Amino acid sequence: MKRYLMTPGPTPVSPETQLAMAQPILHHRSPQFMDILAKVREDLKYLFQTEQEVLMFAATGTGAMEGAVSNTLSPGDTALVVDGGKFGERWAELCEVYGISIERLKVEWGHAVKPEEVAQRLKANPAIKAVFVQANETSTAVQHPVKELAQITKSLPGTILVVDAISALGGYPLPMDEWGMDIVVAGSQKAMMLPPGLAFAALSPKAWEFVKTSKCPKYYFDFAKQLKSQQKNQTAYTSAVTLTMGLQQVLSWIRAEGLDKIFAHNRRLSRAAKAAVRAMGLELYSKDNPSDVLTAVEAPAGVDGQKVVAELRKRGIWIAGGQAQAKGKIFRIAHMGFIDELDLLGTLGALEIVLNDLGYKVELGIGVKAAQEILGKEA
Ligand code: PLP
């Protein structure tokens with residue numbers, strides 16, 4: 001059976017990238033590998049839209065999230081955490097582990113944080129040294145307004161904005177330098193179209209100043225140590241050479257295509273997916289700023305979202321269910337990276353079959369048609 005990976009991480013990897021990763025292993029201190037790292041370092045700057053070095057770690061995205069906390073803050077510091085989903089909660093958990101005192105800005109799941117609330121909290125407590133947020137909160141498929149948040153933190157010399165863009169970077173526009181985000185964290189297995197295993201973090205000059213005074217313990221995820229190594233086209237410890245070869249291939253491809261074209265592709269698929277589920281009589285779970293890289297759908301009354309996921313799996317299609325409080329209530333379909341319109345149309349067609357099987361009557365083809373109309377118009 002063919003497998004269609006329509007989950008918001010991991011996502012499919014192209015045959016060209018797979019071939020790049022089928023090459024013999026290079027030694028990580030060899031000149032050949034250092035050449036690869038030199039190229040990758042430049043192309044990562046293009047992807048992050050920054051002039052700063054983009055740090056690379058053999059880890060999943062959470063590793064870089066942990067490093068963002070442990071390299072910039074000290075025990076006893078205060079941070080504001082935007083908590084509007086599973087990954088917002090992760091920022092809070094990480095801060096707590098490092099003895100950071102947190103102010104939690106709770107956002108109802110399915111909604112985006114209001115920039116004015118962040119501004120108010122920062123005004124009320126000038127001791128807040130960092131604001132932690134997701135660009136794309138994958139558990140709710142909501143995009144937080146990080147551009148507006150950066151406008152606020154930019155004028156505060158003692159506060160940095162730390163953005164988890166693990167499911168966002170490469171998926172839709174997030175120009176780090178132009179918007180003034182201080183730390184952007186990413187992971188390989190989503191819109192970057194690679195297998196899981198690489199984590200990235202880029203820091204603004206302001207964030208690098210915070211690194212100088214940070215007293216949290218750190219060893220593997222020591223950003224200053226990694227920066228020094230990367231400036232010599234090395235990594236501090238053994239590089240994930242195979243993944244880095246894949247990274248080189250994918251970044252060259254992204255650069256050749258151009259970010260704008262990739263963002264437009266994802267947006268077009270997103271509009272088609274959202275039109276399709278609405279035509280099926282379903283509602284989006286994301287009430288504010290629905291994501292360009294995945295669509296979260298409320299399961300219809302009487303239908304368990306996890307069953308939708310399980311039934312689609314029997315047909316070879318892997319989508320994601322809800323997490324934590326959304327478990328059973330929603331299902332999520334990704335449309336980022338190496339996912340194309342056939343993958344999406346097939347998934348939507350199968351979804352109609354599965355919903356009927358589960359007792360929610362939907363006219364076969366109605367959602368697919370709505371998607372086709374968008375794809376036809378925006379071809
Ligand atoms: N943050 C967001 C927004 C995510 O979507 C994910 C993964 O789904 C993570 C963090 C965690 O990333 P990882 O599983 O790569 O550690």
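This one's a predicted model, so the numbers in the text were calculated from it and none came from an experiment. Whatever order the structure lists them in is the order used to number ligands and atoms, beginning at 1.
Remark: distances from the non-hydrogen atoms of Glu137 to ligand 1 are all 4.0 Å or more. Look at Lys86 and you'll find every heavy atom at least 4.0 Å from all atoms of ligand 1.
Atoms of ligand 1 found under 4.0 Å from any heavy atom of Ser167 (numbered from 1 in listed order, with element): 3 (C), 5 (O). Atoms of ligand 1 lying under 4.0 Å from at least one heavy atom of Met65, given by number and element, are 10 (C). For ligand 1 and Asn136, the ligand atoms under 4.0 Å from any heavy atom of the residue are 3 (C). Heavy-atom proximity to Gly61, at under 4.0 Å, picks out these atoms of ligand 1: 13 (P), 15 (O), 16 (O).
For Thr60, heavy-atom contacts with ligand 1 shorter than 4.0 Å involve the backbone as well as the side chain.
Partner His335 forms a side chain to side chain donor-acceptor pair (under 3.5 Å) with one of Asp343, Asn266, Thr295 and no other, that one being Thr295.
Comparing Thr62, Val163, Asp164 by heavy-atom distance to atom 2 (C) of ligand 1, the nearest is Asp164. One option in Thr138, Leu198, Val293 has a heavy atom closer to atom 3 (C) of ligand 1 than any other, and that option is Thr138.
Looking from atom 8 (O) of ligand 1 to the surrounding protein, the closest heavy atom is Lys190 NZ, 2.6 Å. Of the protein's non-hydrogen atoms, the one nearest atom 14 (O) of ligand 1 is Gln189 NE2, 3.9 Å. Ranking protein heavy atoms by distance to atom 6 (C) of ligand 1, first place goes to Phe87 CE2, 3.3 Å. Protein heavy atom in closest approach to atom 11 (C) of ligand 1: Arg90 NH1, 3.3 Å.
Salt bridge Glu209/Lys206: absent, no basic N to carboxylate O contact under 4.0 Å. A salt bridge does not link Lys377 to Glu373: none of the charged side-chain nitrogens sits closer than 4.0 Å to a carboxylate oxygen.
Residues Leu198 and Ile25 share a single hydrophobic cluster, defined by chaining ILVMFWY side chains whose heavy atoms lie under 4.5 Å apart.
Within 6.0 Å of NZ in Lys361 there are more than 12 heavy atoms belonging to other residues, nucleotides or ligands.
Stacking of Lys307 on the aromatic ring of Phe331 is not recorded, the 6.0 Å distance cut-off and the 45° axial limit not both being met.
Using cut-offs of 30° and 60° for the angle between ring planes, the Trp91 and Phe132 rings count as tilted.
Between Gln234 and Ser229, the side chains place no donor N or O within less than 3.5 Å of an acceptor N or O (distance only, hydrogens not considered).
Separating the NZ atom in Lys39 from the OG1 atom in Thr244 is a distance of 13.5 Å, to the nearest 0.5 Å.
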